[in-house]
Amino acid sequence: MIMGNNVEMDIKKLLTPLVKMKNANISMSIKFGEAEGEEEWEPMGPTPMPKIPTLRHWDFKLLERYPPFYMPICDLCCLCTFGKCDLSRGKKGACGLNIKAQQARIVLIACCIGAACHAGHSRHLVHHLIEKLGRDYPIDLGNEIEVEAPIARTVTGIKPKTLGDLEKILDYCEEQITHLLSAAHTGQEGNYLDFESKALHAGMIDDLAREAGDIAQIVAYNMPKGDEDAPLIELGFGCIDKSKPVILCIGHNVVPGSYILEYLEDNNMEDEVEVCGICCTAIDITRVSDKPKVVGPLSRQLMFVRSGVADVVIVDEQCIRTDILEEVLKTGAVLIATNEKMCLGLEDVSHMDEDEIIGYILRNRAALLLDEEKVGKVAVELAKIVAKERKDKKTLPNLNEVVELAKQCTECGWCNRNCPNAFKVKEAMVLAKQGNFEGFIDLYKRCYGCGRCEAICPRNLPIVSMTTKVGEAYYKDLKFKIRAGRGPIKDVEIRSVGAPIVFGDIPGVVALVGCSNHPNGEEEVAMIAKEFLERKYIVVATGCAAMAIGMWKDKDGKTLYEKYPGEFRAGGLVNCGSCLSNCHITGAAIKIANIFAKVPLRGNYAEVADYILNKVGAVGVAWGAMSQKAAAIATGVNRWGIPVILGPHGAKYRRLYLSNGEKFKVKDKKTGEILEIEPVPEHLIVTAENVKECICMIPKLCMRPNDNPKGRANKIYHYVDVYEKYFGRMPPDLEKFVRTEKDIPFMMKDKIMAYLEEKGWKPLEKYPQDPTILY
């Protein structure tokens, strides 16, 4: 669909008996199909509804500065029956593909999986809500949010006013994902840079699809609309009231959980049944009501199910253990699958009435129920029955039994070798043999519960259950607070912080996003947030990272959500919401370009991204990035010009975008000159080996060419200060980022000048006042 495009053509081609002009040109506006009623809210930019090659020129500018760096995990290609093909040592596969293009193809496939996952989720939400509320249901985010969908406005040129408009956006997303995935087929694309351009396109589509989904659920469920005072919600194992029947929701889709809350409210049973959640469904049901509780991030899934607290487990989609049915049945609980993407081999009982379904599940302990409206009554009534059945059921070994189990350990060490983080599982087992649980206590704090240790154990010891029991026994106070997801950033907040961010007075925006694949538990994510909140950065969070921040308390016994305001301002800690809500982080950067700098959005992707790359000091941190969705999110953020730091496991994505400090040139729009500049931001996607390295990268990656001397001095102060704090010395590359003496913070002038003289530093003669790479 093309909307409102200007068309220019030779008049000779349009001659009719009524038109007798020669050699004249004519410009006109043509509207197609459904575009007829589109409001002319802003002149259309050059790239509405971009296809795969439309933004290729922008991608290639990024890829020239930040060339892909590949780390093949496997140098075989096994995707078709030409192979297996050995691509090592410069060899090509039977189709002609080399290892570089193969790695880029794998990244594209990962980004397509992630984008399809979010687009499928958003399509489900929009489709369901249109069925319930109608296609004309208005998108109204309140008077303080006029730029309601900055990504959709920029990418598609559509200003969505109704749920029906979101359908058009998702139509576009699905079309693009189909073309992108088809390019990964054998015998299609052959150039690694074009694979990368397609991966960037997939990331952008992922961002757009998430925005459509989150806007739909915000307006339909009346979730907070940019509310900086969104309520504080209970979080953690310890907040679950085990004396009540417990329903646990796992996954990413709010629809089934919302029907449970509705049924409880309609029947005045809100205080009789405990509803809790794990992963993004947990965050989203607390955006619907402040009654449910958040158990924790993905990492707590296996431990909590093993604990046997839940009587009914509801699973929807994404990030759910694929052996969840087996684990739930071990505890005597029942399971209801509610989404066509995860059917688990179960009988579909959607055609039965609720009472029949309850009877079926009591007999068979699990079922597939795709009519989500029925989930409300079925889950609640089942929980009441199953809780009585399981009243005295024990699912974990007691501490004496943990000791006896530990004595069966032969200390072969396979658990340590199979642990993704090389945790000392064997040593915990050795201590437990003597009744000392210190090792298991440490493991409980840091482990993210993948279960690989017990899967490899030749004695079949239930190591996760043993760890869970020790944690349960020694951590009585596992109660925390998280602020409910507030959704978008308000326009008025952007007006307040736009100038300070663009000129560097606010040193940066740090976005903590992604999964809970953290090497050392939740504490590291909270430590990163705390460090930059104290330094008056703006810290934003979503999904499992937002939960991880809440699972740490300071010496006063408070979480960071209790200590810092929820506003988008210096020193504010903003929980936007679930993974879908990541769109509001890029949305805030886009809004700065639009609301503060008046850059038009409509179909104007490259200009907006260029503004963000050169002027908005933001950095994403995906410390536990795990899934294909995380790959898509990070790549989408990169296309907007925002750098991302990955945790140590991020190298397994096989590709980074690293610069060598060269090819940093910009045009100064004020003078028209092409200038060589300092390498900022230095990389587009990079891994950090440990949390100290991550913290020290953040101030550096928040630097932008547009910083004024005062702003750059502010950023350099934090860069030097964190480096000295964590490594006890000056940053080894500081000379790259000091343009002139005016960039040196006054209180550090002597030592920085001494350092620069030692390095033979020379000031830049010129640096741009209005930088762009679009020339």
Side-chain angles (χ1 to χ4, degrees), residues 230-251 257 273-287 289-311 313 319 395-396 440-449 464-465 467-485 512 515-516 518 520-527 529-530 541-564 566 573 575 577-578 624:
L232 288 167
I233 304 296
E234 289 191 78
L235 165 71
F237 274 36
C239 69
I240 311 301
D241 185 346
K242 299 174 188 173
S243 67
K244 298 178 185 176
V246 176
I247 300 172
L248 170 67
C249 302
I250 309 177
V273 176
E274 191 82 329
V275 180
C276 57
I278 285 175
C279 215
C280 282
T281 290
I283 288 190
D284 281 341
I285 58 177
T286 61
R287 296 166 81 187
S289 161
D290 60 3
K291 299 285 185 188
K293 294 166 181 173
V294 180
V295 173
L298 169 68
S299 56
R300 298 295 164 179
Q301 187 174 159
L302 185 55
M303 287 184 183
F304 190 68
V305 172
R306 288 271 180 98
S307 74
V309 173
D311 298 298
V313 176
C319 304
T395 57
L396 293 175
F440 272 114
I441 292 170
D442 182 61
L443 206 54
Y444 182 80
K445 284 165 63 180
R446 302 198 294 155
C447 171
Y448 52 71
V464 175
S465 299
T467 309
T468 305
K469 181 62 196 178
V470 173
E472 184 183 279
Y474 283 86
Y475 287 91
K476 300 291 184 190
D477 184 28
L478 288 170
K479 294 182 181 178
F480 310 92
K481 295 283 187 186
I482 179 175
R483 195 173 299 283
L512 291 160
C515 324
S516 51
H518 315 123
N520 285 304
E522 291 81 15
E523 187 172 345
E524 287 189 344
V525 181
M527 287 299 100
K530 179 173 177 287
T542 57
C544 287
M547 290 181 251
I549 289 171
M551 296 177 74
W552 178 85
K553 293 178 183 175
D554 67 4
K555 57 181 172 40
D556 301 323
K558 291 189 174 178
T559 67
L560 295 176
Y561 291 107
E562 295 170 279
K563 296 200 78 169
Y564 290 90
L573 174 56
N575 176 20
S578 60

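All residue numbers in this chain count up from 1 along the given sequence.
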Q) Do the side chain of T559 and the main chain of K481 share a donor and acceptor less than 3.5 angstrom apart? A) yes
Q: Could I get the full list of salt bridge (Lys or Arg N to Asp or Glu O under 4.0 Å) partners for K291, not counting sequence neighbours?
A: none
Q: Please list, chain by chain and in numerical order, all residues satisfying side-chain contact (heavy atoms from CB on, under 4.5 Å) with C515, sequence neighbours excluded.
A: M626, S627, A630
**Q.** By side-chain hydrogen bond (donor to acceptor under 3.5 Å, both in side chains) - contacts of T467 (at least two apart)
**A.** none
Q. When you check the gap from the basic side-chain N to the acidic O, do K293 and E274 get nearer than 4.0 Å?
A. yes
Q: Can you measure from CD1 (I250) to CG (L298) and round to the nearest 0.5 angstrom?
A: 9.5 Å
Q: First locate atom OG1 of T542, then atom CD1 of I283, and finally report the distance between them rounded to the nearest 0.5 Å.
A: 7.5 Å
Q. Looking at residues at least two apart in the chain, or sitting in another chain, which of them share a salt bridge (Lys or Arg N to Asp or Glu O under 4.0 Å) with E524?
A. none
Q | V309, V246, I278 screened by side chain to side chain contact (heavy atoms under 4.5 Å, CB included) with V295, the one that passes | A | I278
(Q) If the threshold is 4.0 Å, N to carboxylate O, is there a salt bridge linking D556 and K563? (A) yes
Q. Which atoms form the tightest heavy-atom contact between D311 and P245, and what is the distance?
A. OD2-CA, 3.4 Å
Q: Indicate the atoms forming the closest heavy-atom contact of A484 with A230, along with that distance.
A: O-CB, 3.4 Å
Q. What salt bridge (charged side-chain N to carboxylate O under 4.0 Å, His left out) pairs are there with at least one residue in residues 276-286, not counting sequence neighbours?
A. D284-R287
(Q) Taking ring-ring contact (aromatic ring centres under 6.0 Å, His included) as the definition, give me every residue that meets it alongside F237, ordered by chain and number, with sequence neighbours left out. (A) F304
Q: Nearest 0.5 Å please: distance from the CD1 atom of I482 over to the CD1 atom of I549.
A: 8.0 Å
Q) Partners of Y448 by ring-ring contact (aromatic ring centres under 6.0 Å, His included), sequence neighbours excluded? A) none
Q) How far does CE of M547 sit from CG of N575, to the nearest 0.5 angstrom? A) 9.0 Å
**Q.** Non-hydrogen atoms of R306 and V464 that approach each other most closely
**A.** NH1-CB, 3.5 Å
Q: Might you point out which heavy atoms bring Y561 and R483 nearest each other, and give the distance in Å?
A: O-NH2, 2.9 Å
Q) Roughly how far apart are M551 CE and S299 OG, rounded to 0.5 Å? A) 6.5 Å
**Q.** Close side-chain approach of Y444 and V470, heavy atoms under 4.5 Å
**A.** no
**Q.** Non-neighbouring partners of D290 that pass salt bridge (Lys or Arg N to Asp or Glu O under 4.0 Å), sequence neighbours left out
**A.** none
Q) Should the heavy atoms of other residues, nucleotides or ligands under 6.0 Å from CD of E523 be counted, would the total exceed 12? A) no
Q. What residues form a side-chain contact (heavy atoms from CB on, under 4.5 Å) with T281, not counting sequence neighbours?
A. C249, I285, D316
Q | Distance, nearest 0.5 Å, that separates CG of L396 from OG of S465 | A | 5.5 Å
Q | Beyond-backbone contact of F440 with K469, side-chain heavy atoms, under 4.5 angstrom | A | no
Q: Kindly write out the residues that satisfy side-chain hydrogen bond (donor to acceptor under 3.5 Å, both in side chains) with E522, not counting sequence neighbours, or none if the list is empty.
A: R300
Q) Shortest non-hydrogen contact from L478 to F480? A) C-CE1, 3.7 Å
Q.
Once side-chain hydrogen bond (donor to acceptor under 3.5 Å, both in side chains) is applied, do any residues pair with K479, and if so which ones, sequence neighbours excluded?
A. none
Q | Closest approach of G543 to C280 (non-hydrogen atoms, all atoms of both residues) | A | CA-SG, 4.0 Å
(Q) Suppose we screen for salt bridge (Lys or Arg N to Asp or Glu O under 4.0 Å). Which residues come up paired with K553, at least two apart in sequence or across chains? (A) D477
